[in-house]
Undergrad: 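Take a look at the following structure, please.
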Amino acid sequence: MSQTSRKQRIALLLAAALAAGAMSGCGAPRGNDAAPAGSEASSDAPKPGSKVIRIAHTYDPNSESGKGPHEWLEAGIARFVEENPEYRVEEEYYGMNEIDNKLMSDYKAGISHDLITVNTAQFAEQVASGGLKDMSPYFEGLSKEEQEDFTWLSDWDSYLDSEGKLRGIPYTLHTRVIAYNKDLFEAAGLDPDTPPQTMEELIEYAQKLTTDDVWGYGTFIGAGRATAEIAFSPYLWYFGGDLLDEEGNADFASEAGVQAAQFLYDLIYKYKVTPEWAVSGDYFTTIRDPFLNGQYAMCDGVGNFIFDELERAGMISGAATPSREAATNNIGFFLAPENSSRYVNGWAFSIAESCEDPEAAFKLMMCLYEPDIYQIGVGGFPVRKSMYDQDIYQGEFWDVWKESLAAGRALAPKSTTALQLCDAVAAAIQDCIIGKQPIQETLTRYEQEYNNQYGAGTH
């Protein structure tokens, strides 16, 4: 999912006429430096566009995935400059897989930034680097109603540091569900409107759906962190386990971890409903493309971030740009087994510690959260709770996605080595499946190796 790595700054000279007084609007607290009504503007008042706020993000307007979210950014930036004409906004582009490491290295090198976007998978690492400013004073200046529109999230504490200071606010969420092909259900004699609910039904349906040309259950078990996100963790959670214990040590070799790994192994070798090539490739070649091509009857890990592709394939309609008319056509979505959780992640806004004008950066951020701006689309589900009261998110199509968001979990939200943890899990599962190594011993070995290098006692 990476974009071409490049950095460019484009000054958006959207300033209007001279305006006296302090910045206004966008849901942020007003300053106290506004000129009294009827007074003359000071001769040393800032000129239009003389102040600069930079926003670092990954939305390249020249890319297919970045075009839509960039329109949202443009609208929010225009709103901010309209209300604060003494400012101009410069964009800093980075590749999706490089931005966090680049921003952290810039902080150490003394290179400054203002408003930045952070991958929630690396948020704890960003906090630990010291490169994120405390946003609490600005957030607490919002109304109680506005604050509650964000703090409803079950993982809100993930955005607070150990002292309870707010270091970021998420702006887009991604979740995954199981998708299924209704035509293939009918061909197998299964009710296309009744997907499986229990573990037993999931296996039973997958076996009935598997033919010479179709695999009953697709998933990703490759050498990437999506193995932990999509394939392993949801079943680890279902069996009652977690990736880390309360002290912060890896705990995936637990009984629940062994059950989850055994289930993935059995999908390929016992039930024969998942192809052996599920252990190779990447998300696109192992999840998205085979499902779009009709090679999978059911497919785990299908996220809202591929709504565009599903619409172009005619599988859904009216969802890439959310609407009440959103509908599934020849596919459906569901969560299974019952009471299970799927992985949820996304992107957050933070203010760089090096930012010299954090109040303005916060106001720019809040412009991007304005309801009429926010509904343009952020490349994922919105964070503000009130957005889900809008008509565009009503209807049967959205129910499963809202359920997945409500029940969803982050992998290791407080860990600064979450990516290394995912790598350890993926390597262990690959050894179990490709190398057919004993599951308990293999998971234990990788768990110990991770704890020896990154466990709670090593910090």
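Basis for what follows: all heavy atoms, side chains included, without hydrogens, waters or symmetry-related copies.
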Undergrad: Can you name the closest pair of heavy atoms from Gly318 and Ser323 and give their distance?
TA: O-OG, 2.8 Å
Undergrad: Could you walk me through whether Phe381 and His174 pass the ring-ring contact (aromatic ring centres under 6.0 Å, His included) test, one step at a time?
TA: CA-CA 6 Å; Phe381 284 114; His174 301 293; 8.3 Å; no
Undergrad: Applying side-chain contact (heavy atoms from CB on, under 4.5 Å), name anything that partners Ala426, two or more places apart in sequence or on another chain.
TA: Thr227
Undergrad: Restricting to side chain to side chain donor-acceptor pair (under 3.5 Å), what partner residues turn up for Ser340, sequence neighbours left out?
TA: Arg342
Undergrad: Between His113 and Glu92, is any side-chain donor less than 3.5 angstrom from a side-chain acceptor?
TA: yes
Undergrad: I'd like to know if the side chain of Thr210 reaches the main chain of Ala206, judged simply by a donor and an acceptor atom lying under 3.5 Å from each other, with no hydrogens or angles considered.
TA: yes
Undergrad: Quick one, Tyr87 with Asp357, criterion side-chain hydrogen bond (donor to acceptor under 3.5 Å, both in side chains). Give me CA distance, side-chain angles, the key distance, then yes/no.
TA: CA-CA 11 Å; Tyr87 282 85; Asp357 196 348; 2.4 Å; yes
Undergrad: Looking only at side chains, do Arg79 and Asn84 share a donor and an acceptor under 3.5 Å apart?
TA: no
Undergrad: Taking the side chain from Glu90 and the backbone from Val52, do they hold a donor-acceptor pair closer than 3.5 Å?
TA: no
Undergrad: So, Trp156 versus Phe139, ring centres under 6.0 angstrom or not?
TA: yes
Undergrad: With the side chain counted from C-beta on, respond yes when Arg167 and Gln126 share a heavy-atom pair under 4.5 Å apart, and no when they do not.
TA: no
Undergrad: Between Gln147 (side chain) and Leu142 (backbone), is there a donor-acceptor pair under 3.5 Å?
TA: yes
Undergrad: Short question: side chain of Thr120, backbone of Phe123 - any donor-acceptor pair under 3.5 Å?
TA: no
Undergrad: Can you find a side-chain donor-acceptor pair between Ser404 and Thr175 that sits under 3.5 Å?
TA: yes
Undergrad: Counting distance only, does the side-chain N/O of Tyr283 pair as donor-acceptor with the main-chain N or O of Gly301 below 3.5 Å?
TA: yes
Undergrad: Step by step, work out the salt bridge (Lys or Arg N to Asp or Glu O under 4.0 Å) result for Lys102 and Asp106.
TA: CA-CA 6 Å; Lys102 184 65 170 65; Asp106 281 357; 2.7 Å; yes
Undergrad: How about Gln207 and Tyr205: does a side-chain donor come under 3.5 Å of a side-chain acceptor?
TA: no
Undergrad: Mind checking side chain to side chain donor-acceptor pair (under 3.5 Å) for Lys165 and listing every partner two or more places apart, or none if nothing turns up?
TA: Glu163
Undergrad: For the residue pair Asp389 and Ser386, confirm or rule out a side-chain donor-acceptor distance under 3.5 Å.
TA: no
Undergrad: Please tell me whether Asp300 and Tyr217 have a donor and an acceptor in their side chains that are separated by less than 3.5 angstrom.
TA: yes
Undergrad: Answer yes or no: is there a donor N or O on one side and an acceptor on the other, between the side chain of Lys51 and the main chain of Pro85, under 3.5 Å?
TA: no
Undergrad: Measure centre to centre between the rings of Tyr393 and Trp398, then say whether the value is under 6.0 Å.
TA: yes
Undergrad: Are the side chain of Thr117 and the backbone of Ala56 linked by a donor-acceptor contact shorter than 3.5 Å?
TA: yes
Undergrad: Closer than 3.5 angstrom, by distance alone: can the side chain of Thr172 be matched with the main-chain N or O of Gly346 as a donor-acceptor pair?
TA: no
Undergrad: Are any of the side-chain heavy atoms of Glu325 and Phe397 separated by less than 4.5 Å?
TA: no
Undergrad: Any side-chain donor-acceptor pair under 3.5 Å between Asp213 and Thr211?
TA: no
Undergrad: So, do Tyr369 and Tyr171 have ring centers that fall under 6.0 Å from each other?
TA: no
Undergrad: Hey, would you say the Trp237 and Phe232 ring centroids sit under 6.0 Å apart?
TA: no
Undergrad: If you compare all heavy atoms of Ser280 against all heavy atoms of Trp277, which two are closest, and at what distance to 0.1 Å?
TA: OG-O, 2.9 Å
Undergrad: So, Asp60 and Ser63: side-chain donor and acceptor under 3.5 Å apart, yes or no?
TA: no
Undergrad: Verify, without hydrogens or angle tests, whether Thr286 (side chain) and Asp282 (backbone) share a donor-acceptor contact under 3.5 angstrom.
TA: yes
Undergrad: Mind listing the closest non-hydrogen atom pair of Glu83 and Cys367 along with its distance?
TA: OE1-SG, 4.3 Å
Undergrad: Does any N or O in the side chain of Tyr107 come within less than 3.5 Å of the main-chain N or O of Gly130, such that one atom is a donor and the other an acceptor?
TA: yes
